[in-house]
Amino acid sequence: MKNANVIRKVATLCFLGWMLPVAVTAADVSLVKGTNGEDGAGNEKCPMVKIPVKRLPDLNIPRSGHALFYANGEITVAGGHTKSFVPTATAEYYKDGKWHVLQTEYPHDDGLCVKLRSGKVLLAGGHEKPLGIGQTFPVEIYDPAAHVFHGFSSLSTQRSMANGVEVDSGKVVVAGNYYASDNIEMYDGDRLFHPVKGVSSGRARPLMLRISPNQVIIFGGSDTKGILPCSDIVDRLNGEPFQVPLLKRWKPLPLLAQYESNLSFIGNEATGDYSYLIAMHDYDDANKKPYQERQLAFVLVRDTVFSLLPTVSPVPMTGVDSVIYYVTPTLIDKASHRGYVAGFDNANRFYVLRIDYDKSPAPLTLYYTDPMQGASILNVMLTDDGNLISVGGYDETGLDDTLEKHNFMPLASVWLLNLGGEDTADKKPMVWAWLLLLVCILVSLAAMLYKRCRPVFPTGEKGDGEDMPVADNSAAILMQQISELMEKERLFLKSDLKVSHIAARLNTNSTYVSQCINSCRGCSFTQFVNEYRVEYAKALLRSEPDKKVAQLYAEAGFANETTFFRVFKSVAGLPPGEWIRQNLLSNQ
């Protein structure tokens, strides 16, 4: 395992290779100058503001390489890998001050994540094995209203470190891959993925921007081995690739986590304005200057036109006492017309660069924190109130070209960065703060009274669907009722069976059913149902050994043949054919 860890570290550092310097030296506290005035309209310095940080409840499962998104008003993480670089088929959502664990159908370590206009979330692909090895096909949909994941299809190409974007037709365009071939494929919005066309060059974690209702351009990222930055060629869904001279010098930031390109959208679809603000480094293909000599700037992308956005001052590349490594895309807060790019330094201080992009030239403000041990700025998102939240990732402390200084251990920590900080322009009058505090106290008192007075619903009575523990005796009774439904009525033969169907039959709620199965059987609802289906398939094979697989999987309640083979092997320990040879043919 030690050797495998080193392999993973080397692979990761290769991906970082064109971002990190060969050796980091202490830089002057003053800001670096702009590059020929292209990224800064004047010689002013960017103001620096120290901001407070708040520790929120930890995740239940430490993870990195995961997707982070808002769904149904809840901060949600899905997939990634946990300790020992093992992919995890779990998700968590934040509600009522704590994280709630969900079971996904598949692990998606460095997989793609697309939030659909329906409010549901598409998850696909990811590494096949621990240590970031291989790629996978599986696809699933997350329904945040029901907190349920449903596996339903597969990519046409195995992928990891891919990206996707939904177009107006409801279809999803997918591209990108890591250590494997790349192309463009399309999800039809219903069940199927099919290849569309090739690409000018393969990319890992590309940027995919929708520049019209059904047109997408693809660029950025690194090559498929995570070593070299993208070329100056831009691919598009409809039409031929085209060259952008600006991309010969300016390269989009190499992203170390999964982000949707739509997070950088500053346009207005209603008026046909598809504009994006992309953070880019000046990276000369010929000279390949080290990181501490590079400059960051913001590039406005509108349709197929790329142009540098003028700023009041150059982007600061030095923080309190060392180089800043910017590692996120531009996260847009459209309500305030501001964009944010986050990064860290060698002491693991967090930095957040703010750009007021609706002004010309655009003012910049650099926020920073105290050193943050055991914290990561890789997986971040803007909250509804305009602050920044960091969830999981791995500790960047000591991240440099020396492998021994970093263990890439996934984190469970969650941090809230108050971007209001000491910026008086963003402060609310104190009277509103006191009124808000009073309201919170009253709401808390009301909640306490409600919890004391409300009945605790046993099995057979309806509850409110919140996460409430099931008493041991009630759980045993409920488990017996669930088992009877399975064994007497064979509900598992319905391929679309959901936990809500069971809950409705028993006049209870989905939370009770899921918790009961987990506590009594030690597995998820999906695993519980699939065990019944596999046993039924075995019974069919014993009675009709010559039954065709196409008939077998459907009769046993599986949605498709691929799922049948995967689940059968997982439960029985053998593929169907081998199981028949060992258990049926050998007895003849």
Side-chain angles (χ1 to χ4, degrees), residues 7-8 10-18 65 67 79 81 85 87 106-114 122-140 153-167 171-188 191-209 216-244 247 251-252 254-261 285 562 566:
I7 293 172
R8 170 66 182 230
V10 171
T12 303
L13 287 172
C14 285
F15 185 71
L16 293 172
W18 66 277
H81 62 267
F85 302 101
Y106 310 99
H108 299 285
D109 184 15
D110 280 329
L112 72 88
C113 169
V114 182
L122 180 74
L123 300 166
H127 298 304
E128 179 186 15
K129 301 176 182 178
L131 301 170
I133 297 173
Q135 309 79 29
T136 61
F137 285 113
V139 179
E140 59 190 298
S153 188
S154 65
L155 297 164
S156 66
T157 299
Q158 296 181 89
R159 297 180 188 270
S160 61
M161 293 190 182
N163 207 344
V165 61
E166 185 181 21
V167 294
K171 299 179 179 180
V172 176
V173 185
V174 175
N177 215 340
Y178 185 61
Y179 270 84
S181 61
D182 186 18
N183 63 4
I184 301 174
E185 65 178 280
M186 182 89 75
Y187 165 50
D188 66 4
R191 295 192 64 84
L192 300 178
F193 287 75
H194 60 271
V196 174
K197 62 192 301 186
V199 290
S200 59
S201 59
R203 302 176 178 90
R205 286 202 177 102
L207 295 179
M208 300 181 65
L209 309 183
V216 175
I217 59 173
I218 305 167
F219 65 101
S222 68
D223 63 16
T224 55
K225 293 185 178 180
I227 299 175
L228 299 175
C230 63
S231 71
D232 58 346
I233 303 298
V234 177
D235 286 288
R236 48 186 159 186
L237 175 63
N238 304 304
E240 296 299 316
F242 60 95
Q243 187 176 36
V244 176
L247 291 178
K251 308 292 185 183
L255 304 180
L256 307 185
Q258 177 66 37
Y259 287 95
E260 284 192 86
S261 302
D285 286 334
T562 301
R566 176 180 60 80

Nearest non-hydrogen partners of [X] and [Y], listed with the distance:
X      : Y      : answer
Glu185 : Arg159 : OE2-NE, 2.8 Å
Ser160 : Gly134 : OG-O, 3.8 Å
Val139 : Ala124 : CG2-CB, 3.7 Å
Pro87  : Pro107 : CB-CB, 3.7 Å
Leu155 : Thr136 : CD1-O, 3.9 Å
Ala67  : Leu123 : CB-CD2, 4.4 Å

[X] versus [Y]: any side-chain heavy-atom pair under 4.5 Å?
X      : Y      : result
His81  : His127 : no
Phe219 : Leu209 : yes
His194 : Ser156 : no
Cys230 : Pro206 : no
Arg205 : Tyr259 : no

Q. Within the distance-only criterion (no hydrogens, no angle test), does the side chain of Asn177 pair as donor or acceptor with the backbone N or O of Gln158 below 3.5 angstrom?
A. yes
Q | Main-chain N/O of Asp232 paired to Gln243 side chain as donor or acceptor, under 3.5 Å | A | no
Q. Taking only residues two or more places apart in sequence, or in another chain, which ones meet Leu192 in a side chain to side chain contact (heavy atoms under 4.5 Å, CB included)?
A. Asp188
Q: Could you check whether the rings of Phe193 and Tyr187 sit parallel, tilted or perpendicular, using 30° and 60° as the cut-offs?
A: parallel
If I take atom [atom1] from residue [X] and atom [atom2] from residue [Y], how far apart are they, to the nearest 0.5 angstrom?
X      : Y      : atom1 : atom2 : answer
Tyr179 : Met161 : OH    : CE    : 10.0 Å
Ile218 : Met208 : CD1   : CE    : 4.0 Å
Ile184 : Thr157 : CD1   : OG1   : 11.5 Å
Lys251 : Ser222 : NZ    : OG    : 12.0 Å
Ile133 : Asp109 : CD1   : CG    : 11.0 Å
Lys197 : Arg236 : NZ    : CZ    : 8.0 Å

Q: With Ser261 as reference, evaluate Asn163, Val114, Val165, Val216 under the side chain to side chain contact (heavy atoms under 4.5 Å, CB included) test and give the passing residue.
A: Asn163
Q: Return yes if a side-chain donor-acceptor contact under 3.5 Å exists between Glu140 and His108, otherwise no.
A: yes
Q) Which residues satisfy the side-chain hydrogen bond (donor to acceptor under 3.5 Å, both in side chains) test with Arg566, sequence neighbours excluded? A) Tyr106
Q: Identify whether the distance between the nearest side-chain nitrogen and carboxylate oxygen of Arg203 and Asp235 falls below 4.0 Å.
A: yes
